[in-house]
Number of protein chains: 2
Amino acid sequence: MTDTAGRSAAAASDRAYRRMVDDIESRIAAGDLRPGDRLPSERELVEHYGIARSSVREALRVLESLELVRSAPRDPRGPLVLPITSAPIRRSLGLLTASRTIVLPELVQLRMVIDASTNLIAARRRTPAHLVALERNMARMRGLLHRSYAEFSLADLEFHEIIADAAGHELVRLYGEAVREAVLDLIQRTILDADDQEAHKLRSIRHHSAVFDAISDGDGPAASRLARESLYQYYADHVDPEDREIMAELVRECGGRVDG
Amino acid sequence: MTDTAGRSAAAASDRAYRRMVDDIESRIAAGDLRPGDRLPSERELVEHYGIARSSVREALRVLESLELVRSAPRDPRGPLVLPITSAPIRRSLGLLTASRTIVLPELVQLRMVIDASTNLIAARRRTPAHLVALERNMARMRGLLHRSYAEFSLADLEFHEIIADAAGHELVRLYGEAVREAVLDLIQRTILDADDQEAHKLRSIRHHSAVFDAISDGDGPAASRLARESLYQYYADHVDPEDREIMAELVRECGGRVDG
DNA sequence: GTCGGGTGCTGGTCTGACCAGCGAGCGGCT
DNA sequence: AGCCGCTCGCTGGTCAGACCAGCACCCGAC
């Protein structure tokens, strides 16, 4: 009886757990299930889908790995439907960089164009509140100048997050987060020279200040150019000539200057 | 006995299946496990990790959803380690667009900068073979002019894939694929007017021809500009004025013109 | 009225079973 | 001796049932 059900289900729609994953996934995509909603408990899902609890659990593990839901032990309300975030994208990207499928020049080049357009858009859309947040972040970074590079980098990332927030551009934000995070990962694993780090920090602070001015003035093109120029300055020495020339072209493309 | 082991394991590293997922994941990231390698069979993994088969299976389902491994029924060689691809990123992005978390203007704006830089890089790196492939694709698209829009779009996508290939930039290729695919999804669901479609097709062909010339000449900036200009032409009418102005700025940023 | 314990729910884990299907090895038949 | 066919053992897929820890509720005792 149950066997027959299992067989035919497998035949009809591949794996048993797949049926449930696909169903939940499409219901989330369709907006039928919204963040904050609750799925039925595992034992209720067993009844609903007519599959065994182990299959339900496999489905839940998959949905969890996609960051679509989260189960909490002993929560009578059932698995929670999560807001869709960049987390799975960042995770995949992290794997790509960790496995050296993606290397520094590619990351930096992509970051040049993404950061640039983020700045461009943020210059149009930023509110006074964003400017305040940026100023506060800059003050914080000045205070962290002599702390660890990791700590400083975190604040650096935050600066860009605020800009991404100001741009109000969800997709660019997600991609930007992922790329910046990956760049940082790679840099921290490869560039360790203490003097370099100090120079990086100082340049970061100067750069952020310039970007702030441009965004504050509503000068998008300038903010965009600054992003490309400074990324060139930071990383040009760490890539081979071929990639360096591409980076230079990306700078020139928007009217920027490459002075080494 | 086994209970104690299970408990302590859970306490030591959260979920039992997590231990296995993290281990396999890091071994793939480290290059310890390479594409084409085989994992031990489920029952061997049970012994190796000291967890129950159900937990092993949960771990395998997660690893499968990340496209890191694939299990085949009745395969005595065990789960296959896959090459790392963009598939999970595209899947996540597809969900973001399907759930309307990401909307057309954002996609198009991101595509403008990604396609542009792809073209820029491809103009430097393309080989004669790429040019041949592009010409062949253009011929095919001319032949598809009066076929379905879906069919035409597929060839359109292929044109960009060839360019991404020529750019030899894996990350840009992945992101570009994901974004272009998502744009197409959205467009096919929203823009249905037959005359529009015909106009789109003709413009696509003209545009591809111009891009081909630029890439063939090695004129990266021109190829980049063309990408932004044509995306503006295609989609400017389908977004609100605010987003249209941002698109216009993205075009002007690289010296392009907005006349449409 | 308050406090205590039972009771029932949750998710997390384990065990043991069965199925279909493939392949290897062994036995019987020619 | 050589070939054919069956059986057995392996695989992954699925299911059923059990136990645990911990939380929350309810009900009864004080």
Side-chain angles (χ1 to χ4, degrees), chain A residues 1-24 37-82, chain B residues 1-24 37-82:
Chain A
M1 183 96 76
T2 47
D3 275 6
T4 327
R7 294 303 148 259
S8 65
S13 166
D14 220 13
R15 308 268 184 293
Y17 84 93
R18 265 273 137 222
R19 279 205 332 231
M20 176 174 151
V21 169
D22 291 343
D23 182 54
I24 302 280
D37 286 356
R38 296 286 180 162
L39 261 40
S41 74
E42 293 185 0
R43 279 142 178 112
E44 285 171 322
L45 289 166
V46 166
E47 287 188 37
H48 184 280
Y49 290 102
I51 58 182
R53 193 169 157 223
S54 55
S55 296
V56 167
R57 302 196 94 250
E58 288 178 25
L60 286 175
R61 290 301 86 78
V62 169
L63 292 169
E64 272 180 6
S65 86
L66 298 172
E67 307 259 351
L68 294 177
V69 308
R70 181 170 51 223
S71 298
R74 280 154 266 114
D75 188 339
R77 293 168 301 177
L80 174 67
V81 177
L82 299 175
Chain B
M1 185 94 76
T2 47
D3 271 9
T4 327
R7 293 304 150 257
S8 64
S13 166
D14 219 12
R15 308 266 185 295
Y17 84 92
R18 265 271 137 224
R19 279 206 332 232
M20 176 174 152
V21 170
D22 291 343
D23 182 54
I24 303 280
D37 287 355
R38 296 285 181 163
L39 261 40
S41 75
E42 293 185 359
R43 283 150 176 104
E44 286 170 321
L45 290 166
V46 166
E47 288 187 36
H48 184 279
Y49 290 101
I51 58 183
R53 192 167 160 225
S54 54
S55 296
V56 167
R57 302 195 94 250
E58 288 178 25
L60 285 174
R61 290 301 86 76
V62 169
L63 292 169
E64 273 181 5
S65 87
L66 297 173
E67 307 258 352
L68 294 177
V69 309
R70 183 169 49 222
S71 297
R74 280 151 267 116
D75 189 337
R77 294 168 298 177
L80 175 67
V81 177
L82 300 175

What's the separation between atom CZ in A:Arg19 and atom CD1 in A:Ile51, rounded to the nearest 0.5 Å? 6.0 Å
Base, sugar-phosphate or nothing for A:Arg70? Non-hydrogen atoms, less than 4.0 Å. nothing
Just how far, in rounded Å, is P of D:dT11 from CZ of B:Arg57? 13 Å
side-chain N/O B:Arg61 vs D:dG13 OP1/OP2, d < 4.0 Å: yes
Send over the distance from B:Arg43 CZ to D:dG12 P, rounded to a whole Å. 7 Å
State the OG-CZ distance between A:Ser55 and A:Arg18, to the nearest 0.5 angstrom. 12.5 Å
Take atom CG of A:Asp75 and atom P of C:dG11, then tell me their distance rounded to the nearest Å. 8 Å
For B:Met20 and C:dG12, what is the distance between atoms CE and P respectively, to the nearest whole Å? 17 Å
Whole-Å distance between D:dC10 C1' and B:Glu42 CD? 12 Å
Tell me whether the OP1 or OP2 atom of D:dT11 has a side-chain N or O from B:Ser71 closer than 4.0 Å. no
Could you please name the option among D:dC15, C:dA17, C:dT13 that lies closest to any side-chain atom of A:Ala52? D:dC15
With a non-hydrogen cut-off below 4.0 angstrom, is A:Ser41 in contact with a base, only sugar-phosphate, or nothing? sugar-phosphate
Checking side chain to side chain contact (heavy atoms under 4.5 Å, CB included) between B:Val81 and each of B:Ile24, B:Leu39, B:Leu63, B:Leu68, which is the one that passes? B:Leu39
Report for the helix from C:dG1-D:dC30 to C:dT30-D:dA1: angle between first-end and last-end helix axes, five pairs each, rounded to 10 degrees. 40°
Rounded off to whole Å, could you give me the CZ-to-C1' distance for the B:Arg15 and C:dC14 pair? 16 Å
Only counting residues at least two apart or in another chain, list the ones meeting side chain to side chain donor-acceptor pair (under 3.5 Å) with A:Arg70. none
Spacing of A:Arg18 atom CZ relative to D:dG12 atom P, expressed in whole Å: 19 Å
Between A:Pro76 and A:Arg53, just flag the one whose closest nucleotide in DNA chain D comes earlier from the 5' side. A:Arg53
Identify which nucleotide among D:dC15, D:dG22, D:dG13 has an atom closest to any side-chain atom of A:Ile51, counting heavy atoms from C-beta outward. D:dC15
Of all heavy-atom pairs linking A:Pro79 and A:Leu60, the shortest is CG-CD2, 4.1 Å
With a 4.0 Å cut-off on heavy atoms, is B:Ser55 in touch with a base, just the backbone sugar-phosphate, or nothing at all? sugar-phosphate
B:Arg77 CZ to D:dG12 P, straight-line distance once rounded to whole Å: 12 Å
If the threshold is 4.0 Å, N to carboxylate O, is there a salt bridge linking A:Arg61 and A:Glu64? yes
Between B:Arg15 and A:Pro73, is there a side-chain heavy-atom distance shorter than 4.5 Å? yes
